[in-house]
Novice: 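The structure's right below; bear with me while I get my questions together.
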Amino acid sequence: MSDTRHFVPFRSPTDAAARLIHVLEQSVSAWLLPLGLIGMIAISPRSADAASGRPDAITSVSLASSVIEQNSIGYSQAYPAGVPKTWSWCNGASKPENGEPPADFTAVTGMASIFPKFGAATPDKNGKILVANGKTYVRLRATKEWILVQDQTEDEIVGGHFDAMVPKNAALPMKVEVQKDGSTLVDGPPPGRNDLVWLERRGSFAAGAVDSVYVQIDMKTTDPEMKVVANVGADWWRSSDSPHNGANNRGAGNSNWVELSADWTTLHFFSGSTAQFVADPPPPLAEAPLPASATGARRTTAAASPCLRTLAPR
């Protein structure tokens, strides 16, 4: 995220160039299913695939207003415990003025952070988090076409438990278990630490070719008593296999905090302005008439915050 650099292990892809060619050669239509009248009827963000019980990668897209609320300042549902109160993303949505990658960067990673909920009792140590349908899209500058560059169905979810107060620390190992339905089960955040999870193989693109990124990930808890919050975001990288340091890694931003439950929730992040995103949404949202601004359904301006200030919606 913007205020910190996470030092994490990374396994280089066998052939990043071949993977990029493969991704660009895919027909966009091969990744899409009709969304129908998603913006006109109340489709639940937790609708499930009949066979597996987890959200379908396409039809589980949240109500259109949720996408904008999750990326509008002041609309977090709750707050994370243990985040430094002065950090820009403590309250939620945080984006650089220019969310584009540096001109010589050629890779991106979608990620999610999970923290204990601020003000809640110690979370159940036995509770875990299920992660599914992780996808990362980048928009080509020249054609405005969105390209899928990371997909959980073809990639692994990996991660670790970090201490938010010491951003350059080594992570504690995280147990990761791939389920039969393709989702990934990870341990909940231990006391004093978070869960940081990401798609292992970075998505690749040509230098200067991309101007924005979109990430969506489905998550739920295995224990209804767990009190945790999560957000999603993305990091730009100099290359698909460059080592982690301040020169090789740049935050694209992150979404608001969403309180997880035992039901599936889709989390969304997009870089750049809301106006740009609404005018040209990525494939999973292309048929949804996105609102120009948040509706206010998820405002928590009266809720207690551990952060330096509670930002008003704008």
Side-chain angles (χ1 to χ4, degrees), residues 1-6 8 10 13 16-17 19-21 23-24 26 28 31 67-68 70-73 87-89 92-113 134-151 196 198-199 201-217 231-256 267-286 290 292-294 311 314:
M1 304 293 177
S2 313
D3 294 277
T4 183
R5 296 291 182 265
H6 299 288
V8 295
F10 174 72
R19 177 174 174 76
L20 173 59
I21 293 171
V23 170
L24 293 177
Q26 297 298 313
V28 173
W31 299 103
V67 180
I68 305 305
Q70 288 186 26
N71 288 270
S72 298
I73 290 176
W87 285 10
S88 63
W89 49 273
S94 176
K95 302 180 184 183
E97 289 186 9
N98 182 355
E100 298 183 8
D104 58 343
F105 277 36
T106 61
V108 68
T109 295
M111 63 182 65
S113 293
K135 294 180 184 292
T136 304
Y137 291 81
V138 294
R139 194 178 77 155
L140 300 181
R141 188 187 306 277
T143 64
K144 307 306 179 186
E145 178 185 9
W146 288 94
I147 302 296
L148 181 67
V149 294
Q150 287 186 304
D151 189 341
L196 182 67
W198 63 95
L199 290 160
R201 291 194 299 272
R202 299 171 191 165
S204 299
F205 50 86
V210 163
D211 62 11
S212 55
V213 60
Y214 168 72
V215 178
Q216 70 175 50
I217 299 176
N231 68 9
V232 294
D235 271 1
W236 301 114
W237 291 86
R238 188 174 298 279
S239 70
S240 60
D241 58 359
S242 56
H244 196 295
N245 60 50
N248 292 331
N249 176 228
R250 188 74 55 84
N254 57 270
S255 66
N256 279 318
L267 283 74
H268 311 263
F269 164 73
F270 58 84
S271 65
S273 70
T274 298
Q276 172 185 290
F277 186 77
V278 168
D280 183 26
L285 305 171
L290 299 173
S293 61
L311 301 174
R314 68 180 185 185

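Just so you know, these numbers come straight off a predicted model, no measurement behind them.
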Novice: Please tell me if the side chains of Val138 and Tyr214 come closer than 4.5 Å, counting only heavy atoms from C-beta onward.
Specialist: no

Novice: Please check this pair: side chain of Asp235 against backbone of Val108, looking for a donor-acceptor N/O pair closer than 3.5 Å.
Specialist: no

Novice: Which pair of non-hydrogen atoms, one from Ser88 and one from Ser94, has the smallest distance, and what is that distance?
Specialist: OG-OG, 3.0 Å

Novice: Any donor and acceptor pair, going by atom type alone, linking the side chain of Asn231 with main-chain N or O of Asn256 inside 3.5 Å?
Specialist: no

Novice: Ignoring hydrogens and geometry, is there a side-chain-to-backbone donor-acceptor pair from Arg250 to Pro102 under 3.5 Å?
Specialist: no

Novice: Going from CG on Asn254 to CG on Leu267, what distance comes out if it is rounded to the nearest 0.5 angstrom?
Specialist: 11.5 Å

Novice: Where is the tightest heavy-atom contact between His268 and Gln70, given as atom of each residue plus distance?
Specialist: N-OE1, 2.7 Å

Novice: When you measure from the centre of the six-membered ring of Trp237, is the NZ or CZ of Arg202 under 6.0 Å away and within 45° of the axis?
Specialist: yes

Novice: If you define the side chain from C-beta out and look only at heavy atoms, does anything of Val149 sit under 4.5 Å from Ser204?
Specialist: no

Novice: Counting C-beta onward and ignoring hydrogens, is there a side-chain heavy-atom pair between Thr109 and Thr136 closer than 4.5 Å?
Specialist: no

Novice: Is there a side-chain contact between Ile68 and Val278, using heavy atoms and a 4.5 Å cut-off?
Specialist: yes

Novice: Using atom types as modelled, flag every donor-acceptor pair under 3.5 Å from a side chain in residues 205-213 to any protein atom, sequence neighbours excluded.
Specialist:
{"unit_1": "Asp211", "atom_1": "OD1", "unit_2": "Arg139", "atom_2": "NE", "d": "3.0"}
{"unit_1": "Asp211", "atom_1": "OD2", "unit_2": "Arg139", "atom_2": "NH2", "d": "2.9"}
{"unit_1": "Asp211", "atom_1": "OD2", "unit_2": "Lys144", "atom_2": "NZ", "d": "3.4"}

Novice: Closer than 3.5 angstrom, by distance alone: can the side chain of Thr106 be matched with the main-chain N or O of Arg238 as a donor-acceptor pair?
Specialist: yes

Novice: Taking Gly99's backbone N and O only, do any of them form a donor-acceptor pair with Trp236's side chain (distance below 3.5 Å, no angle check)?
Specialist: yes

Novice: Within a strict 4.5 Å, meaning less than it, do heavy atoms of the Val232 and Gln216 side chains meet?
Specialist: no

Novice: Can you see which heavy atom on Val215 is nearest to which on Ala234, and at what distance?
Specialist: CG2-CB, 4.0 Å

Novice: Would Asn71 and Phe269 count as a side-chain contact (heavy atoms from CB on, under 4.5 Å) if you check the C-alpha gap in whole Å, the side-chain angles of each, and the deciding distance to 0.1 Å?
Specialist: CA-CA 6 Å; Asn71 288 270; Phe269 164 73; 3.5 Å; yes

Novice: By ring-ring contact (aromatic ring centres under 6.0 Å, His included), which residues pair with Phe105, not counting sequence neighbours?
Specialist: none

Novice: Are Leu148 and Lys135 close enough that some pair of their side-chain heavy atoms sits under 4.5 Å apart?
Specialist: yes

Novice: Return the CD to OG distance between Gln276 and Ser271, rounded to the nearest 0.5 Å.
Specialist: 7.5 Å

Novice: Please confirm whether Phe277 and Phe270 have ring centers closer than 6.0 angstrom.
Specialist: yes

Novice: Has the side chain of Glu145 got a donor or acceptor atom that lies under 3.5 Å from a matching backbone atom of Leu140?
Specialist: no

